[in-house]
A.B. asks: 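Mind having a look at this structure? Questions to follow.
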Amino acid sequence: MTGEQVLTNGQQPGSELTDGFGREITYLRVSATDRCDLRCVYCMAEDMTFLPKDDVLSLEEMERLCSAFIGLGVRKIRVTGGEPLVRRGVMSLFQGLGQHLKTGALNELTLTTNATQLDRFADDLYGAGVRRVNVSLDTLDPAKFAAITRLGRIEKVFDGLAAAKSAGLSVKINMVALRDHNEDEISDMLAWCGRQGFDLTLIEVMPMGDMGGPMRLDQYLPLSLVQSRLAKNWDLQDIDDNTGGPARYVRVAETGRKLGFITPLTNNFCDDCNRVRLTCTGSLFMCLGQDDRSDLRDLLRAGGDGTELQQAISRAIGVKPKGHDFAIGHDSAPAVARHMNATGG
Ligand code: SAM
Ligand code: SF4
């Protein structure tokens with residue numbers, strides 16, 4: 001642990017973070033870096049400019065901020081990015097946050113990764129207390145993978161997944177449903193995940209960041225359509241599994257695994273949203289699809305103590321927007337100008 005003692009006494013107070021619509025905030029997603037070793041077509045432009053190093057929080061600063069959130073009642077932290085595992089020394093963040101699992105102040109520490117580095121880190125992640133990982137994989141075809149990620153070799157992902165399995169980590173695959181790119185593979189992916197013992201979540205492409213040209217409309221595939229197509233060949237059984245997130249789940253009877261749908265466009269589930277996002281520069285975004293934010297870095301670097309940080313966090317959450325306004329249409333600009341890697345997906 002570094003930084004101040006901010007209510008890390010092992011007790012389990014209820015969340016002190018309730019927004020103006022009565023939603024309790026118990027889930028923090030933290031972007032460890034905006035950088036990535038891939039350039040997925042829906043996430044980044046081919047030629048990205050990344051943040052100057054001085055703007056990015058040190059891992060100690062991130063841990064201090066996360067501790068302030070935990071002190072206020074956050075129970076789950078997901079480390080994301082950019083690609084969290086390309087940040088040098090990132091395992092120290094997992095180890096520091098893992099201490100809060102031991103005290104019982106935190107219920108779950110997890111990450112979202114492209115898995116290209118997971119073979120190096122799976123055992124250490126497990127050692128730090130991580131038990132589940134989300135791995136983004138949009139296709140099983142090496143050539144398509146190289147095209148979608150612009151830089152990637154799928155073998156690295158398979159190595160990472162094998163390492164995750166042998167380390168004892170549960171895996172959920174995140175697959176962005178892309179019209180004409182991978183829509184013919186979704187059923188095969190479901191079968192493959194069943195054989196591997198992985199859950200699968202399908203994601204609708206979200207209009208974040210300018211990709212140049214009409215890319216987003218070309219990519220958009222409504223999951224309502226995907227679900228009805230899948231239901232012709234698979235027995236998809238409704239289950240009550242509300243994580244307070246944007247995903248809705250069914251059980252795939254043939255494999256026993258869960259299948260999730262993240263549908264910000266055909267449906268939105270903002271009413272029971274329980275999460276906020278912290279960028280690698282210390283900006284707290286109250287909603288993925290809105291620009292409202294609070295910059296915590298200056299306060300942190302000015303030596304703000306735990307109480308001041310917690311007050312700033314509580315104030316920001318008090319004005320969390322009701323929901324996002326994502327829409328995809330012929331004339332629609334991105335709902336927010338920043339790319340997904342900046343906010344943390
Ligand atoms: N690099 C890691 C990865 O790919 O898993 C973590 C960060 S990535 C931004 C997190 C998730 O956001 C990934 O599952 C990715 O597919 C998804 N994502 C990125 N851009 C998106 C977009 N415009 N619409 C929907 N999902 C997106
Ligand atoms: Fe990198 Fe993840 Fe974005 Fe792909 S989705 S470019 S792996 S941050």
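Just follow the structure's listing: the first ligand is 1, and inside any ligand the first atom is 1. Computed over heavy atoms, backbone and side chain alike; hydrogens, waters and symmetry mates excluded.
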A.B. asks: If you measure from each heavy atom of Met175 to ligand 1, is any distance below 4.0 Å?
C.D. replies: no
A.B. asks: Which atoms of ligand 2 are found less than 4.0 Å from any heavy atom of Cys40?
C.D. replies: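 Result: 4 (Fe), 5 (S), 6 (S), 7 (S).
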A.B. asks: So which atom in Glu83 and which in Cys36 form the shortest heavy-atom distance, rounded to 0.1 Å?
C.D. replies: CB-SG, 3.6 Å
A.B. asks: State the atoms of ligand 1, each with its element, that fall below the 4.0 Å cut-off from a heavy-atom position in Asn114.
C.D. replies: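 Result: 2 (C), 3 (C), 5 (O).
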A.B. asks: Going by the rule side-chain contact (heavy atoms from CB on, under 4.5 Å), which residues pair with Ala231 if we only count those two or more places apart in sequence or in a different chain?
C.D. replies: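 Applying side-chain contact (heavy atoms from CB on, under 4.5 Å) to Ala231 gives Leu236.
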A.B. asks: Can you check whether Glu83 has an N/O within less than 3.5 Å of an N/O in ligand 1?
C.D. replies: yes
A.B. asks: In ligand 1, which numbered atoms sit nearer than 4.0 Å to a non-hydrogen atom of Val205?
C.D. replies: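 Checking each atom against Val205, I get 24 (N), 25 (C).
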A.B. asks: Do Asp141 and Thr139 meet the criterion of a side-chain donor-acceptor pair at a distance under 3.5 Å?
C.D. replies: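 Short answer, no.
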A.B. asks: Kindly indicate, with the supporting measurements, whether the criterion salt bridge (charged side-chain N to carboxylate O under 4.0 Å, His left out) is fulfilled by Asp199 and Arg132.
C.D. replies: CA-CA 11 Å; Asp199 291 335; Arg132 300 194 300 162; over 6 Å; no
A.B. asks: Decide if atom CG of Asp47 counts as having more than 12 heavy atoms of other residues, nucleotides or ligands within a radius under 6.0 Å.
C.D. replies: no
A.B. asks: Please could you name the atoms of ligand 1 that Gly81 approaches to less than 4.0 Å, counting only its heavy atoms?
C.D. replies: 7 (C), 9 (C)
A.B. asks: Test your reading of the structure: does Thr80 have an N or O sitting under 3.5 Å from an N or O of ligand 1?
C.D. replies: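 No - when backbone and side-chain N and O of Thr80 are compared with those of ligand 1, no distance drops under 3.5 Å.
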A.B. asks: Should you measure from each heavy atom of Ile203, which atoms of ligand 1 turn up under 4.0 Å away?
C.D. replies: 25 (C), 26 (N)
A.B. asks: Do any N/O atoms on Asp138 end up under 3.5 angstrom from N/O atoms on ligand 1?
C.D. replies: no
A.B. asks: If you apply the rule salt bridge (charged side-chain N to carboxylate O under 4.0 Å, His left out), what do you find for Glu61 with Arg297, and how did you get there?
C.D. replies: CA-CA 9 Å; Glu61 288 172 325; Arg297 186 184 61 199; over 6 Å; no
A.B. asks: Under a 4.0 angstrom heavy-atom cut-off, which atoms of ligand 1 come close to Cys43?
C.D. replies: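 Heavy-atom distances to Cys43 below 4.0 Å select 19 (C), 20 (N).
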A.B. asks: Of the side chain and backbone of Thr113, name the one, both, or neither that has a heavy atom under 4.0 Å from an atom of ligand 1.
C.D. replies: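 The answer is the backbone.
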A.B. asks: Could you tell me, atom by atom, which parts of ligand 1 come under 4.0 Å of a heavy atom of Val176?
C.D. replies: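 Reading through ligand 1 atom by atom, the close ones are 16 (O), 26 (N).
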A.B. asks: So Trp192 and Phe158, would you call those rings parallel, tilted or perpendicular, with 30° and 60° as cut-offs?
C.D. replies: tilted
A.B. asks: Is ligand 2 less than 4.0 angstrom away from at least one heavy atom of Gly82?
C.D. replies: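 Per 4.0 Å heavy-atom rule, Gly82 contacts ligand 2.
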A.B. asks: Atom 7 (C) of ligand 1: which of Ser136, Ala177, Cys40, Gly82 has the nearest heavy atom?
C.D. replies: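 Heavy atom nearest to atom 7 (C) of ligand 1 belongs to Gly82.
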A.B. asks: Please confirm whether the backbone N or O of Arg275 pairs with a side-chain atom of Lys320, one donor and one acceptor, at under 3.5 Å?
C.D. replies: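 Looks like yes, one N/O pair under 3.5 Å.
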A.B. asks: Distance under 6.0 Å and angle within 45° of the ring axis: does Arg75 meet both against Tyr27?
C.D. replies: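 Here Arg75 fails the 6.0 Å and 45° test against Tyr27.
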